[in-house]
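First comes the structure, then the notes that go with it.
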Amino acid sequence: MECFLMPKESGKFITDRSKDVLVLEEGVRKVAEMLYGKINSKEFDPTGWKSLHELNPQVMNEDSINWVFVADTLNFSFWSESEEHKCLVKYKGKMHSGYWSLCAAINRALDEGIPITSASYYSTMTLDQLKHVLRSDTDIPMPLIEERHRVLKEAGHILLEKFDGSFLNCVNESGKSAQKLLQLVVENFPSYKDVATFEDKKIAFYKRAQILVADIWGLLEGKGDGSFNDIGSLTMFADYRIPQALVSLGAMKYSEELMKKLKHGVLFQSGERLEVEIRGCSIWCVELIRDYMLHLGAQKGDTIENLNAVLIDYYLWDYAREHRKDMANIPIHRVRCIFY
């Protein structure tokens, strides 16, 4: 089996060699100080995954675990060409965009009696059936619908063949280890193998695989089957929204050349150098933010429990969505791929 640097090591390796993305030490400290002030809020508690987001499953059971697996198998490429033209899904009287449009569509389908979280159903569903489930309430469809159909059917077949049709069995095999569950996912489900090559070194980001593990942890509130003793070994989930927030907050900086490309709306390819630098530096930047938050806690004599890159990522992702208009001068990097 091919060997890749794991996400944390990949982030460090890329940051040390990055030419167009810089991690700024002073900015890292400022962000850490800002986040430290929220350390006792719901945003930094494992239960926040449910309590802060009504579309996420609210009950800890096998059906909810299978909901998370479907959502994260389809959790990629939600950015729109413009704010005016985007896929929106209406659910219970409210319009949802981006990743939340997917969650709303899954819940809508379940309410309509469509067993979209059952592997025996989605392993054989047609493209037209998925188009119906993920239908938009605007004239802009959800992107990459054919790829979503392919990866969902593939995941359903594998889940039936290897895990008796339930992701709970995969969770049980992990022995309450986040890293073991991560490896089970990337070794068994090809669409989760988010890897690249950077300066002749094979690196791994595993964005969707890591967020799948983290969402199971959040769903189960870090208890029972989800009491992963090594949840702190996961990194942030390298996407297009968190880097934007990190640059906006001054923890990272883009070169003039890269910023010019972003402002021109250049479409990057998954695995190209600039895209890899953005994602890798984001991972390492969040690692440094977490380390400095822990340092602040030690200075103040505070005992900080459960502080990890997962909770920092969740906070920054929500922050980026809430402050989209404020960050309009820092465009996201655009990539159409199945990895994020």
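The figures here come from the full heavy-atom set of this structure, side chains too, leaving out hydrogens, waters and symmetry mates.
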**Q.** Donor-acceptor contact present, side-chain Ser10 to main-chain Ala204, <3.5 Å
**A.** yes
Q) Going through the distances and angles, do Tyr36 and Ile289 end up as a side-chain contact (heavy atoms from CB on, under 4.5 Å)? A) CA-CA 10 Å; Tyr36 190 83; Ile289 290 169; over 6 Å; no
**Q.** Lys/Arg N to Asp/Glu carboxylate O, Glu81 vs Arg334, below 4.0 Å
**A.** yes
Q: Apply side-chain contact (heavy atoms from CB on, under 4.5 Å) to the pair Phe167 and Val68, showing each step before the final yes or no.
A: CA-CA 9 Å; Phe167 193 65; Val68 168; over 6 Å; no
Q | Salt-bridge contact Lys30-Glu33 (side-chain N to carboxylate O under 4.0 Å) | A | no
Q: Specify whether Phe13 and Phe198 have parallel, tilted or perpendicular ring planes, treating 30° as the upper limit for parallel and 60° as the lower limit for perpendicular.
A: perpendicular
Q. Is it the case that Asn56 and Trp67 place a side-chain donor and acceptor less than 3.5 Å from each other?
A. no
Q.
Treating Thr197 as the side-chain partner and Lys202 as the backbone partner, does any N or O pair qualify as donor plus acceptor under 3.5 Å?
A. no
**Q.** N/O donor-acceptor pair under 3.5 Å between Thr47 side chain and Glu221 backbone
**A.** no
Q | All salt bridge (charged side-chain N to carboxylate O under 4.0 Å, His left out) counterparts of Glu112, not counting sequence neighbours | A | Arg135
Q: Anything under 30° is parallel, anything over 60° is perpendicular, the rest tilted; go ahead and classify Tyr319 against His323.
A: parallel
Q) With distance as the sole test, does Gln58 use its side chain to make a donor-acceptor pair with the main-chain N or O of Lys50 at under 3.5 Å? A) yes
Q: For residues Met6 and Tyr206, determine if any side-chain heavy atom of one lies less than 4.5 Å from a side-chain heavy atom of the other.
A: yes
(Q) For the residue pair Arg148 and Phe78, would you count it as a cation-pi contact if the rule is NZ or CZ under 6.0 angstrom from the ring centre and within 45 degrees of the ring axis? (A) yes
Q.
What I want to find out is whether Glu147 reaches Arg150 closely enough, with some N-O distance under 4.0 Å, to be called a salt bridge.
A. no
(Q) Salt bridge check, Arg273 against Glu199: does any charged N sit closer than 4.0 Å to a carboxylate O? (A) yes
Q. So do Phe189 and Phe69 actually touch side chain to side chain, heavy atoms under 4.5 Å?
A. yes
Q. Do the charged groups of Asp20 and Lys261 touch, with an N to O distance under 4.0 Å?
A. no
Q. Does a side-chain heavy-atom distance below 4.5 Å link Pro57 with Leu219?
A. yes
Q) Do the side chain of Ser174 and the main chain of Val171 share a donor and acceptor less than 3.5 angstrom apart? A) yes
**Q.** Side chain His149, main chain Met125, donor-acceptor under 3.5 Å
**A.** yes
Q: With side-chain contact (heavy atoms from CB on, under 4.5 Å) as the test, would you mind laying out the steps for Ile158 and Glu154 before giving the verdict?
A: CA-CA 6 Å; Ile158 294 166; Glu154 175 186 75; 3.9 Å; yes
Q: May I have the step-by-step check of side-chain contact (heavy atoms from CB on, under 4.5 Å) for Phe205 and Tyr340, ending in yes or no?
A: CA-CA 10 Å; Phe205 294 116; Tyr340 63 102; over 6 Å; no
Q) Distance only, no hydrogens: is a donor on one side chain within 3.5 Å (strictly under) of an acceptor on the other, for Asp128 and Thr126? A) no
Q) Which of these, Arg279, Lys207, Arg208, sits in a salt bridge (Lys or Arg N to Asp or Glu O under 4.0 Å) with Asp194? A) Arg279
Q. Among side-chain atoms of Glu257 and Ser255, is any donor-acceptor pair under 3.5 angstrom?
A. no
Q) For the side chain of Tyr240 and the backbone of Trp79, is there at least one donor-acceptor N/O pair under 3.5 Å apart? A) yes
